Amino acid sequence: MSKFYVTTPIYYVNDVPHLGHAYTTIAADVIARYKRLKGYEVFFLTGTDEHGQKIEKAAKAKGISPKELADSVVVNFKKLWERFNISYDHFIRTTDDYHERVVQEIFQRLYEKGDIYLGEYEGWYCTPCESFWSKSQLIEGKCCPDCGRPVERLKEKSYFFRLSTYQDKLLKFYEDNPDFVMPEFRMNEVKAFVKQGLEDISISRTTFRWGIPVPFDNEHVIYVWFDALFNYVSGIGYSTDQEKFEKFWPADLHIIGKDILRFHAIYWPAFLMAAGVEPPKRVFAHGWWTVEGRKMSKSLRNVVDPNRLIDAYGADAVRYFLMREVPFGLDGDFSHKALAHRINGDLANDLGNLLYRVLTMTIKYSDGVVPEPTEDRDRELENLCKKMIEDVDRYLDKQAFNRALESIWEVIRAANKYVDVKAPWSLYKENKREELGNVLYNLLETLRLVAVLLYPFMPVKMDEMLSQLGVESTPTVKDVAWGVLVPGTKVKKGKPLFPKLDEEEIAKKIEKEVKEAEKEEEKVEEISIEYFSKLKIVVAKVLEAERVPKTDRLIKLVLDVGSEKRTVVAGIGAWYEPQDLVGKKVLYLYNLKPRKLRGVLSQGMILAASKDDKLYLPEFPENTPVGAQVR
RNA sequence: GGCGGCGUAGCUCAGGUGGUAGAGCAGGCGUCUCAUAAGCGCCGGGUCGGGGGUUCGAAUCCCUCCGCCGCCA
């Protein structure tokens with residue numbers, strides 16, 4: 001029996017589950033259920049990532065232990081997955097003892113092997129900021145990019161993974177496995193990144209305690225990615241249940257969001273190569289959802305809270321929408337209107353109504369029993385169904401969920417048309433019983449196959465649909481074929497599978513909510529006069545101006561701010577030419593933290609008004625003195 | 001700035017080894033009655049972003065410009 005091992009990322013427990021988590025997990029569930037349907041032995045792993053400074057801090061703020069915090073958040077995930085009918089085989093937590101042991105064991109082994117070494121950041125520490133910086137981050141090679149103050153050459157110890165030595169091996173691996181990363185354009189990005197050269201990466205920390213300790217060095221805890229990524233092997237028994245591990249590894253599919261691609265496509269195979277373990281077969285990076293046409297924000301999250309969506313539309317309809325609306329791998333927009341439209345159009349009208357009308361006819365014209373087809377019946381729907389079975393398989397092997405669903409809907413449309421063309425009511429009146437029986441059989445069997453192939457997408461609804469067709473067993477591989485429906489089976493027509501929704505009403509309601517959410521976002525915090533007085537804004541005169549090389553927008557300005565000269569990089573190059581700025585008086589925020597832009601230290605910023613992509617620099621009376629402060 | 005991609009019907013997008021464009025949705029008209037005011041049929045002349053080139057012929061190849069987007073810096 002073939003195996004299939006699919007994973008989601010482990011989700012960080014500093015957050016309640018949101019639409020993005022649901023999306024990834026549903027996609028993995030559809031694949032898992034589909035592969036099971038096709039007879040594979042499937043292992044589906046999901047879980048939570050629970051270590052790190054953020055959790056340590058959040059727990060401290062709440063006065064509980066990090067583990068207690070994690071425990072409480074994990075419940076939210078598990079509950080949501082239950083509501084979405086997520087069929088994971090194991091839920092791993094990075095605080096599970098077997099996981100911690102595996103991570104320590106591998107860490108130890110790579111250390112002994114020389115792939116992990118104790119290194120030091122060679123200096124460039126900013127004491128006030130308590131931060132280390134790499135050489136390339138420093139301003140003019142010597143100042144902290146955060147505060148602009150000089151950094152010290154300090155040494156902090158950290159364990160490093162020798163990623164640099166895996167550059168060629170990774171590139172070779174990508175060459176040999178061109179669809180290791182999907183979609184294809186992401187593979188190109190990964191290759192380009194690796195070709196630029198890889199630096200060794202720090203994989204331990206001494207600045208917090210909430211993590212897996214480095215086994216031979218108590219001062220260090222293992223940093224997040226080394227800890228988290230290995231869940232994919234510890235979760236299936238690496239070094240604890242070797243038989244299971246060998247059965248399922250390598251993973252067939254890691255489904256992730258595009259933000260964590262680098263870790264999965266570069267670090268992860270390198271870690272595994274170091275550990276002498278085969279890399280996974282595929283990493284699929286999916287896109288993000290916007291909400292009602294807007295970028296996801298805190299207050300908009302309520303609008304698409306997964307639990308709320310389930311309450312309003314049902315888990316299966318949401319699952320269907322997420323898989324159908326947007327090609328997996330691309331970004332998309334989630335709107336209640338679009339969701340309701342899909343439910344009404346695809347699920348209620350096309351599919352639900354087809355089931356309903358065919359069952360009615362079966363009852364009216366065939367005593368509610370699946371008729372016996374004859375050998376000389378037409379094969380129109382049968383052939384389409386056979387093609388559908390192949391198409392769905394091909395598309396789902398590429399994680400093209402939307403395509404798979406489209407090909408199922410082609411058959412649903414064809415079946416609706418078939419009803420019209422064959423007009424069973426006429427056959428009935430004309431007493432053409434044999435043909436009528438064939439037509440009904442073709443339709444019922446088509447519906448059964450459609451339900452079987454849709455089962456991975458909408459398990460509860462399709463279970464109900466099959467039951468209405470008189471099929472009570474959970475579909476398995478033998479059901480993915482034409483001709484399985486047994487003549488004589490009694491159908492059990494029920495209520496419409498997908499009730500229709502009032503799209504207008506939903507649109508109105510959500511529109512209102514979005515407006516409120518936007519108001520919430522725009523809420524401007526009131527500040528005190530004391531707060532304002534912290535800002536030192538002065539009138540400055542532009543002494544010199546030149547474009548920052550190789551940029552369109554950035555202009556480097558040298559300002560006379562009254563007491564001294566200051567250099568500022570301003571993003572106004574799209575609206576002003578450098579020569580027009582020289583001699584101008586501008587508003588200047590004096591005490592903004594300096595930061596480096598394109599290698600130039602920008603001390604403070606100049607102020608301008610902007611609206612609708614236009615920029616307006618303030619003007620001053622002729623006699624305004626340079627250095628005059630705005631109060 | 002470097003690398004990659006995109007710009008096709010009102011909307012979302014297919015197509016693209018060169019031979020005068022397709023789907024779904026929306027809209028209009030018509031129609032059957034088994035059905036959840038569902039279904040089915042008909043209606044799409046859109047300079048395939050602009051310009052130039054290769055070719056008998058380009059949405060499809062090449063160059064260039066414009067506008068978006070991704071990765072990197």
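Every value quoted in this text rests on a predicted model; they were computed, and no experiment measured them. Each chain gets a letter, A, B and so on, in the order its sequence line appears, and its residues count up from 1.
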Under a 4.0 Å threshold between the charged nitrogen and the carboxylate oxygen, would A/Arg186 count as salt-bridged to A/Glu189?
yes
Residues A/Lys258, A/Asp331: salt bridge by 4.0 Å N-O rule:
yes
Using the P atom on both, measure B/G45 against B/G24 and round to a whole Å.
16 Å
Using atom types as modelled, flag every donor-acceptor pair under 3.5 Å from a side chain in residues 485-502 of chain A to any protein atom, sequence neighbours excluded.
from     : atom 1 : to       : atom 2 : distance (Å)
A/Thr489 : OG1    : A/Val486 : O      : 2.5
A/Lys490 : NZ     : A/Asp367 : O      : 3.3
A/Lys492 : NZ     : A/Glu472 : OE2    : 2.7
A/Lys493 : NZ     : A/Thr360 : OG1    : 2.9
A/Lys500 : NZ     : A/Asn349 : OD1    : 2.9
A/Asp502 : OD1    : A/Glu504 : N      : 3.2
A/Asp502 : OD1    : A/Glu505 : N      : 3.1

Evaluate the ring planes of A/His286 and A/Trp288, with Trp represented by its six-membered ring, and classify them as parallel (under 30°), tilted (30 to 60°) or perpendicular (over 60°).
perpendicular
Are A/Lys386 and A/Glu382 within salt-bridge range, i.e. N to O under 4.0 Å?
yes
Rounded distance in Å - OH (A/Tyr356) to P (B/A38)
15 Å
Output the residues of residues 168-180 of chain A in contact with RNA chain B, where contact means a heavy atom of the residue under 4.0 Å from an atom of the strand; sort by number or write none.
none
Using a heavy-atom cut-off of under 4.0 Å over every strand shown, decide if A/Lys364 touches base, sugar-phosphate, or nothing.
sugar-phosphate
Calculate the interatomic distance between A/Trp409 atom CH2 and B/G39 atom C1'; express it in whole Å.
16 Å
Is A/Lys495 near enough to B/U36 that one of its side-chain N or O atoms lies under 4.0 angstrom from OP1 or OP2?
no
Taking the C1' atom in each of B/A14 and B/G44, what is the distance between them to the nearest angstrom?
16 Å
For residues 385-432 of chain A, the ring-ring contact (aromatic ring centres under 6.0 Å, His included) pairs (sequence neighbours left out) are A/Tyr320-A/Trp409, A/Phe328-A/Phe401, A/Tyr365-A/Tyr428
B/C66 and B/G49: how far apart are their C1' atoms, nearest whole angstrom?
8 Å
Is the distance between the ring centroids of A/Trp225 and A/Phe263 under 6.0 Å?
yes
For A/Phe161 together with A/Tyr166, are the ring centres under 6.0 Å from each other?
yes
Pairs involving residues 443-462 of chain A, ordered by first then second residue, that meet side chain to side chain donor-acceptor pair (under 3.5 Å) (sequence neighbours left out)
A/Glu445-A/Arg448
Return the set of residues passing salt bridge (Lys or Arg N to Asp or Glu O under 4.0 Å) with A/Glu410 (not counting sequence neighbours), or none when no residue passes.
none
Without decimals, in angstroms, what is the distance between A/Leu427 CG and B/C34 P?
12 Å
Please list all pairs passing the side chain to side chain donor-acceptor pair (under 3.5 Å) test where one or both residues lie in residues 321-330 of chain A, with sequence neighbours left out.
A/Glu325-A/Arg342
Nearest-angstrom distance from the residue atom CD of A/Glu184 to C1' of B/C3
15 Å
Apply salt bridge (Lys or Arg N to Asp or Glu O under 4.0 Å) to A/Asp176 and list each qualifying residue two or more places apart in sequence or on a separate chain.
A/Lys172
Which value, in whole Å, describes the distance between the P atoms of nucleotides B/G53 and B/U17?
23 Å
Distance between P atoms of B/C6 and B/C61 (Å, rounded):
9 Å
Would you sketch RNA chain B in dot-bracket for me? Only Watson-Crick or G-U wobble pairs with both distances under 3.5 Å count, crossing pairs as [ ], other-strand pairs as |, the rest as dots.
(((((((..((((........)))).(((((.......))))).....(((((.......)))))))))))).
What's the CG-P distance between A/Asn416 and B/G39, to the nearest Å?
7 Å
Protein-to-nucleotide contact annotation, 5' to 3' order, nucleotides 6-11 of chain B [B base; S sugar-phosphate only; - none; under 4.0 Å, heavy atom]
------
Look for any protein N or O under 3.5 Å of an N or O in nucleotides 69-71 of chain B and output each such pair with its distance, or none.
from  : atom 1 : to       : atom 2 : distance (Å)
B/G70 : O2'    : A/Arg186 : NH1    : 3.1
B/G70 : O2'    : A/Glu189 : OE2    : 2.7
B/C71 : O4'    : A/Glu189 : OE1    : 3.3
B/C71 : O4'    : A/Glu189 : OE2    : 3.3

Using a heavy-atom cut-off of under 4.0 Å over every strand shown, decide if A/Asn353 touches base, sugar-phosphate, or nothing.
base
For the residue pair A/Arg282 and A/Asp179, establish whether any side-chain heavy-atom pair is separated by less than 4.5 Å.
yes
Can you tell if the side chain of A/Phe193 reaches within under 4.5 Å of the side chain of A/Leu198, non-hydrogen atoms only?
yes
Expressed in angstrom and rounded to an integer, what is the separation of A/Leu497 atom CG from B/A35 atom C1'?
14 Å
With sequence neighbours excluded, give me every ring-ring contact (aromatic ring centres under 6.0 Å, His included) pair touching residues 431-452 of chain A.
none
Decide yes or no for A/Pro459 and A/Arg319: does some side-chain heavy atom of the first lie under 4.5 Å from some side-chain heavy atom of the second?
yes
When the distance from CG of A/Asp502 to P of B/A38 is rounded to whole Å, what number comes out?
12 Å
Is there side-chain contact between A/Ile255 and A/Thr8, with at least one heavy-atom pair below 4.5 Å?
no
Distance in angstrom units between A/Leu198 CG and B/C72 P, rounded
13 Å
I want to confirm an ordering. Mapping A/Gly345 and A/Arg357 to their closest nucleotides on RNA chain B, which one lands closer to the 5' end?
A/Arg357
Can you tell me, in whole Å, how much space there is between the C1' of B/C3 and that of B/C43?
46 Å
Heavy-atom closest contact (A/Arg294 atom, A/Asp333 atom, distance)
N-OD1, 4.3 Å
Taking the same atom, C1', in B/G30 and in B/G4, what whole-Å distance lies between them?
49 Å
Would you mind telling me which residue lines up with the more 5' stretch of RNA chain B, A/Ile412 or A/Trp425, judged by nearest nucleotide?
A/Trp425
Using a heavy-atom cut-off of 4.0 Å across all strands, would you classify A/Lys417 as base, sugar-phosphate, or nothing?
sugar-phosphate
Just compare B/U36, B/C34, B/C72 and give me whichever is closest to any side-chain atom of A/Gln196.
B/C72
B/G4 base / A/Asn188 side chain donor-acceptor hit below 3.5 Å
no
If I pick the C1' atom on B/A9 and the same atom on B/G27, what distance separates them, to the nearest angstrom?
13 Å
Pairwise N/O distances under 3.5 Å, protein to nucleotides 24-29 of chain B:
from  : atom 1 : to       : atom 2 : distance (Å)
B/C25 : O3'    : A/His341 : NE2    : 3.1
B/C25 : O2'    : A/His341 : NE2    : 3.3

By the 4.0 Å heavy-atom rule, please label A/Phe498 as base, sugar-phosphate, or nothing.
base
